[in-house]
Amino acid sequence: RAAQSAPPVAPFALKPIDSLRRQGKLDEASEMAEKQRKQFSDKAELDFFLGRVLEDSGRYQDALDSYRRSIDINPNYAECLFRAAYLADLRGLDSLAKDFYSRIGPESNRVYVNACLNLALIYEDEEDYEKSVACCRRALKISPLNRRAKLFLSNAEASPNTYLPP
């Protein structure tokens, strides 16, 4: 009698998970992601996509936990850092949002610009106008024609008690 071989490992695939998520089949997407996560626990992208499914399902804390696992695997995963920051921001977790937004580097242009602008708004809400202005200026350095960055910068500069170093 021949020895039985282990069943083949399913290929790592994100598109089917994201496709199910976009179709609103969140339970199926979650199940597929969890199965793959058991096989591929070292894939930051998988935890990111699982986080997206959980977020769409309204399971915000579980989504944040999934994003954190992804960031633990790949601390420079800009899209995941942004999504985690954005979700934390929406949930009123400003300290966590600032931490995630500030870890996004300029090499990820579009994500970096949006992170800078969202971070600028948090600083403006905290009345830390100098940091808000600095964030807007960083965004404009990458994207000089960005209307949103120009608008936020003019608002922050017009705020009372704003000291702007030369």
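Computed from a predicted structure; not experimentally measured. For the single chain, residues carry numbers from 1 onward in sequence order. Any value given below was found using the heavy atoms of this structure, including those in side chains, with hydrogens, waters and symmetry copies removed.
Contact check for Arg83 versus Leu87: no side-chain heavy atoms found under the 4.5 Å cut-off. By the 4.5 Å heavy-atom criterion applied to side chains, Phe152 and Glu124 are not counted as neighbours. Within the 4.5 Å cutoff, the side chain of Leu50 has heavy atoms near those of the Ser30 side chain. Inter-residue side-chain proximity for Glu45 and Ile17 is flagged as unmet; no heavy-atom pair is nearer than 4.5 Å. Counting only heavy atoms from C-beta outward, the side chains of Arg52 and Asp18 never approach each other to under 4.5 Å. Considering only heavy atoms from C-beta on, Tyr67 stays 4.5 Å or farther from Asp47 through its side chain. Residues Leu117 and Asn146 have side chains in contact (heavy-atom distance under 4.5 Å, counting atoms from C-beta outward). By the 4.5 Å heavy-atom criterion applied to side chains, Tyr101 and Leu81 are not counted as neighbours.
Remark: aromatic rings of Phe100 and Phe82 are distant, center separation not under 6.0 Å. With ring centers used as reference points, Tyr123 lies 6.0 Å or more from Tyr129.
Remark: the backbone N or O of Asp128 is not paired with any side-chain donor or acceptor of Ser132 at under 3.5 angstrom. Proximity of a side-chain donor or acceptor of Ser108 to a complementary backbone N or O of Gly105 within less than 3.5 Å is detected. The backbone N or O of Ala139 lies less than 3.5 Å from no partner atom in the side chain of Ser143, so there is not a single donor-acceptor pair.
Cluster membership for Ile73 and Val111, using ILVMFWY side-chain heavy atoms within less than 4.5 angstrom, is not shared. Follow the hydrophobic side-chain contacts under 4.5 Å out from Leu119 and you reach Leu121 in the same cluster. The same ILVMFWY cluster, assembled from side-chain heavy atoms under 4.5 Å apart, contains both Leu46 and Tyr77. Hydrophobic clustering (ILVMFWY, side-chain heavy atoms < 4.5 Å, transitive): Ile122 and Ile104 are in one cluster.
When each of Ser66, Pro75, Ser70 is tested with Cys80 by the rule side chain to side chain contact (heavy atoms under 4.5 Å, CB included), just one qualifies, namely Ser70.
Here Asp94 contributes atom CG and Asp125 contributes atom CG; the two are 7.0 Å apart, rounded to the nearest 0.5 Å. Lys25 contributes atom NZ, which lies 10.5 Å from atom CE of Met32 (distance to the nearest 0.5 angstrom). Summarising the geometry, atom NZ belonging to Lys98 is positioned 11.0 Å from atom CG belonging to Leu96; distances are rounded to the nearest 0.5 Å. With values rounded to the nearest 0.5 angstrom, Cys136 atom SG is found 9.5 Å from Arg148 atom CZ. One finds the NZ atom of Lys141 at 11.0 Å from the SG atom of Cys116 (value rounded to the nearest 0.5 Å).
When all heavy atoms are compared, the tightest approach of Phe48 to Glu79 is CE1-O, 3.8 Å. Taking each heavy atom of Asp62 and Leu54 in turn, the nearest pair found is O-CD1, 3.6 Å.
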Steps toward side chain to side chain contact (heavy atoms under 4.5 Å, CB included) verdict (Leu64, Leu93): CA-CA 11 Å; Leu64 267 176; Leu93 305 170; 3.9 Å; yes

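Of the charged side-chain nitrogens involved, none lies within less than 4.0 Å of a carboxylate oxygen, so that Glu28 and Arg21 do not count as a salt-bridged pair. Under 4.0 Å is where a charged nitrogen must lie from a carboxylate oxygen, and between Arg103 and Asp99 at least one such pair does.
Taking a 6.0 Å sphere around CG of Asp27, one finds it holds 12 or fewer heavy atoms contributed by other residues, nucleotides or ligands.
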